[in-house]
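Below: one structure, written as structure tokens.
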Amino acid sequence: MKAVILAGGLGTRISEETHLRPKPMIEIGGKPIIWHIMKIYSSHGINDFIICCGYKGYVIKEYFLNYFVHMSDVTVDLKENSVSVLDAKAEPWTVTLVDTGEETMTGGRLRRVAKHLTPGESFCFTYGDGVADVDVTALIAQHQASGLAATVTAVRPPGRYGALMMDGDKVGGFTEKPRGDGGFINGGFFVLETEVIDRIAGDPTVWEAEPLESLARDGKLGAFQHDGFWQPMDTLRDKTALEELWATGRAPWKTW
């Protein structure tokens, strides 16, 4: 199965980082967040990726073009102008990097990579800026058993602030960052059938608008409920929080 990853947006809410590189290339623990996402999929046996590039897409292309050498021990013979790989440590990934345009919306990016998908074959689809300990194997199994055209991972967003535990006009304690209001939201990590691409009109189409809404109206959109860890990297604050989890060895998304 293939996994399509959106990696072309401007990332304006974390412009402190994205003025130099695209958002999926912002590092957590010394590795781009897109690498972490790919490792999540790879731990479930998915090693064939299609990356939808856009804003500063050349940075992503250069990273993967040099990935094999960067992840391996090498001997460089300057006299003979040759490079020998001594111990390759790179993952068994196939990565297709597609320029989907700087102004293209999320749905339009998916439509632009359609020719790299296998007609009639399910594929994974997600955003290039969020990590989770989602059980991708169970997600795929539920989708394929449902017979639906699309399945979205439903998550509860993490709370931003700690809450006070009140007893009248006294504080009885603190709850650290409760999880939202209990409602579910779109957490990405979709499994789709290629037929959904017919619902995307063109580059200006936002995936989360008409395509998803029409699937829901037609009763063809399922939900995989994920009650575990899920965290997007929308702001510098989010990036710092993910860095702290990784640095302390408490990164829940590290399932490999």
Side-chain angles (χ1 to χ4, degrees), residues 1-9 21-53 57 59-74 85 87-98 100 109-110 113 116-118 121-144 150-153 155 187-194 224 226-233 238-239 242-243 245-247 249-256:
M1 183 175 285
K2 296 180 180 181
V4 177
I5 303 176
L6 292 171
R21 51 191 167 180
K23 192 177 179 183
M25 292 303 293
I26 297 173
E27 294 184 353
I28 303 297
K31 293 286 194 303
I33 192 168
I34 194 171
W35 177 90
H36 292 263
I37 295 166
M38 294 166 74
K39 289 288 283 187
I40 293 169
Y41 278 113
S42 188
S43 70
H44 290 272
I46 297 174
N47 295 302
D48 195 344
F49 299 96
I50 301 170
I51 299 179
C52 303
C53 301
V59 177
I60 302 176
K61 291 179 180 178
E62 288 174 357
Y63 176 77
F64 284 105
L65 282 170
N66 295 308
Y67 187 83
F68 182 78
V69 172
H70 289 171
M71 294 297 291
S72 305
D73 296 334
V74 299
V85 177
D87 185 16
K89 302 182 182 71
E91 283 78 9
W93 296 343
T94 299
V95 185
T96 301
L97 301 146
V98 182
T100 56
R109 294 190 191 282
L110 176 55
V113 303
H116 300 286
L117 298 168
T118 303
E121 184 177 289
S122 305
F123 65 96
C124 293
F125 178 52
T126 198
Y127 307 106
D129 62 356
V131 290
D133 58 353
V134 59
D135 187 342
V136 175
T137 299
L139 163 63
I140 294 169
Q142 177 181 309
H143 170 79
Q144 294 183 332
T151 299
V152 59
T153 297
V155 301
F189 292 94
F190 298 89
V191 183
L192 307 175
E193 299 302 314
T194 52
F224 177 79
H226 174 60
D227 293 311
F229 177 86
W230 174 84
Q231 178 66 62
M233 188 183 64
D238 296 332
K239 190 245 186 192
L242 291 172
E243 277 278 18
L245 287 172
W246 185 268
R250 297 182 292 113
W253 70 90
K254 188 179 184 298
T255 56
W256 57 89

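Note that the structure is a prediction, hence the values are computed from the model and not measured.
- Separation of atoms CG (Leu110) and CG (Leu6) is listed at 7.5 Å; rounding is to 0.5 Å.
- The minimum heavy-atom distance between Ile33 and Gly130, with the atom names listed, is CD1-N, 4.2 Å.
- For the pair Arg21 and Glu27, the minimum side-chain heavy-atom distance is below 4.5 Å.
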Exercise for review: Please step through side-chain contact (heavy atoms from CB on, under 4.5 Å) for the pair Ile34 and Ile51, ending with a clear verdict.
Suggested key: CA-CA 9 Å; Ile34 194 171; Ile51 299 179; 3.8 Å; yes
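- Here OG1 of Thr153 is found 4.5 Å from CG of Leu139. Values are rounded to the nearest 0.5 Å.
- Nearest heavy atoms, Glu243 versus Ile28: OE2-CA, 3.8 Å.
- Note: Trp256 and Trp35 have perpendicular aromatic rings, judged against thresholds of 30 and 60 degrees for the angle between ring planes.
- Side-chain N/O atoms of Asp48 and Thr94 include no donor and acceptor closer than 3.5 Å.
- Looking at heavy atoms from C-beta onward, Glu62 lies out of side-chain contact with Ile60 at the 4.5 angstrom threshold.
- Using a distance-only test at 3.5 Å, with no hydrogens or angles considered, a donor-acceptor pair links the side chain of Thr126 to the main chain of Phe189.
- Taking CG of Asp238 as the reference point, atom CD of Gln231 lies at 5.0 Å (rounded to 0.5 Å).
- Residues Val85 and Phe68 have side chains in contact (heavy-atom distance under 4.5 Å, counting atoms from C-beta outward).
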**Study point:** side-chain hydrogen bond (donor to acceptor under 3.5 Å, both in side chains) assessment of Asp133 paired with His226
**Key:** CA-CA 9 Å; Asp133 58 353; His226 174 60; 3.0 Å; yes
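- Side-chain contact between Phe190 and Phe123: absent, with no pair of heavy atoms (C-beta onward) separated by less than 4.5 Å.
- Closest of all the heavy-atom pairs between Ala150 and Leu192 is CB-CD2, 3.4 Å.
- When all heavy atoms of Pro22 and Ala7 are compared, the pair lying nearest together is CB-O, 4.5 Å.
- Here the closest heavy-atom approach between residue Met233 and residue Ile26 is recorded as CE-CB, 3.7 Å.
- A donor-acceptor pair under 3.5 Å is absent between the side-chain atoms of Ser42 and the main chain of Met38, judged by distance alone.
- Using a 4.5 Å cut-off on side-chain heavy atoms (C-beta onward), Val134 and Val155 make no contact.
- In this structure, Thr96 OG1 and Ile5 CD1 are separated by 11.5 Å, a value rounded to the nearest 0.5 Å.
- The backbone N or O of Ile40 lies less than 3.5 Å from a partner atom in the side chain of Ser43, making a donor-acceptor pair.
- Under the 3.5 Å distance criterion, the side-chain polar atoms of Arg109 are matched with a main-chain donor or acceptor of Gly8.
- Scanning all heavy atoms of the two residues, the minimum distance from Ile46 to Lys2 falls at CG2-C, 4.4 Å.
- Distance alone, capped at 3.5 Å, places no donor-acceptor pair between the His116 side chain and the Ile50 backbone.
- Summarising the geometry, atom NE2 belonging to His36 is positioned 13.0 Å from atom CG belonging to Asp129; distances are rounded to the nearest 0.5 Å.
- Summarising the geometry, atom CG belonging to Leu97 is positioned 7.0 Å from atom NZ belonging to Lys61; distances are rounded to the nearest 0.5 Å.
- The closest side-chain heavy-atom distance from Lys39 to Glu91 is below 4.5 Å.
- The side-chain heavy atoms of Glu121 and Glu193, taken from C-beta on, include no pair separated by under 4.5 Å.
- Between Val4 and Cys124, every side-chain heavy-atom pair lies at or beyond the 4.5 Å cut-off.
- Note on ring orientation: taking the six-membered ring where Trp is involved, the planes of Trp253 and Trp246 are parallel (angle under 30°, cut-offs 30° and 60°).
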Exercise for review: Could you please spell out the steps behind the side-chain contact (heavy atoms from CB on, under 4.5 Å) verdict for Asn47 and Tyr41?
Suggested key: CA-CA 7 Å; Asn47 295 302; Tyr41 278 113; over 6 Å; no
